[in-house]
Amino acid sequence: MRLLLVEDDDHVAAALSAVLARHGFRVTHARSGEEALRALLPAEREPFGVILLDLGLPDQDGFEVCGKIRKRSATPVIMVTARADVRSRIHGLNLGADDYVVKPYDTGELLARIHAVARRGAGADDSAEGPAALLLGPVRVELLTRRVSVDGGEVQLTRKEFDLLALLAQRPGVVFRREQIISEVWRTSWEGTGRTLEVHVASLRSKLRLPQLIETVRGVGYRLVPPSA
């Protein structure tokens, strides 16, 4: 697997690259946000399987880089940073990061997380089971192309926003427990993800301009209520 490592500290990058190489990864090292974005451009090359993104970059903040990556690529992004506060975690995940790892980290855990997000990224577009699109009143959710439209107008969603909507939309009216949603969408039981779930639900309601589409079932979780028209 090709892996893009975005890290401005050469010593850290060299050590991590050596570990990743021993585990079969082919690492491309970018020292800045601009270098990282340029590395994503060549269409003729094998695409990256995962991007490891540090937040403290010399030319632009890693959050900004993540947003730009998401506009041009669906490649899984793992933020690897010393910023351990919950606000930063939520912000990073809400921007479209697939995981968030705080330094210092255990190398074995990082490798496991890389493989986990790579599997989810590969499977996101490859599943051919079930319908290709779900129609919920004016809302159309295309599962294969991962596109969402309301009244024919496309709505731009982050990776996790789409995963959350698709999960609820496949069983309209069914109440999904918070723990179940967190497990299926974020593939984790991390307690701090509860707040992230609330942020994603609020963002979906706002972007779709249908605040009643996702109903909060107090003390339990959420369910999707299809519009009547």
Query - side-chain contact (heavy atoms from CB on, under 4.5 Å) against Arg209, all qualifying residues, sequence neighbours excluded - result: none
Query raised in the report: Which atoms form the tightest heavy-atom contact between Leu4 and Ala36, and what is the distance?
Result: CD2-O, 3.9 Å
**Report entry** Partners meeting salt bridge (Lys or Arg N to Asp or Glu O under 4.0 Å) with Glu35 (sequence neighbours left out)
**Finding:** none
Query raised in the report: Got Leu37 and Ile69 here, is their nearest side-chain heavy-atom distance under 4.5 Å?
Result: yes
Query raised in the report: Mind checking whether Pro76 and Phe48 have side chains closer than 4.5 Å, heavy atoms only?
Result: no
Report summary line: Arg223 meets the salt bridge (Lys or Arg N to Asp or Glu O under 4.0 Å) criterion, sequence neighbours left out, with Glu215
Query raised in the report: Quick one: salt bridge (Lys or Arg N to Asp or Glu O under 4.0 Å) partners of Asp61, sequence neighbours excluded?
Result: Arg83
Query raised in the report: With distance as the sole test, does Gln170 use its side chain to make a donor-acceptor pair with the main-chain N or O of Ala166 at under 3.5 Å?
Result: yes
Query - Ser73 backbone acceptor or donor facing Arg70 side chain under 3.5 Å - result: yes
Report task. Evaluate salt bridge (charged side-chain N to carboxylate O under 4.0 Å, His left out) for Glu142 paired with Arg146, printing each intermediate quantity in order. Result -> CA-CA 5 Å; Glu142 299 180 14; Arg146 297 177 65 84; over 6 Å; no
Query raised in the report: Under the salt bridge (charged side-chain N to carboxylate O under 4.0 Å, His left out) rule, what pairs show up with a residue in residues 8-23, not counting sequence neighbours?
Result: Asp10-Arg31
**Report entry** Donor-acceptor pair, side chain of Lys207 and main chain of Val155, under 3.5 angstrom
**Finding:** no
Query raised in the report: With under 30° as parallel and over 60° as perpendicular, where do the rings of His200 and Trp186 fit, or are they tilted in between?
Result: perpendicular
Query raised in the report: In terms of hydrophobic clusters joined by side-chain contacts under 4.5 Å, are Leu208 and Val225 together?
Result: no
Query raised in the report: Under 3.5 Å, is there a donor-acceptor pair between the side chain of Asp59 and the main chain of Glu34?
Result: yes
Query raised in the report: Quick check: are there more than 12 heavy atoms from other residues, nucleotides or ligands sitting under 6.0 Å from CZ of Arg171?
Result: no
**Report entry** Partners passing salt bridge (Lys or Arg N to Asp or Glu O under 4.0 Å) against Lys103 (at least two apart in sequence or in another chain)
**Finding:** Glu7, Asp54
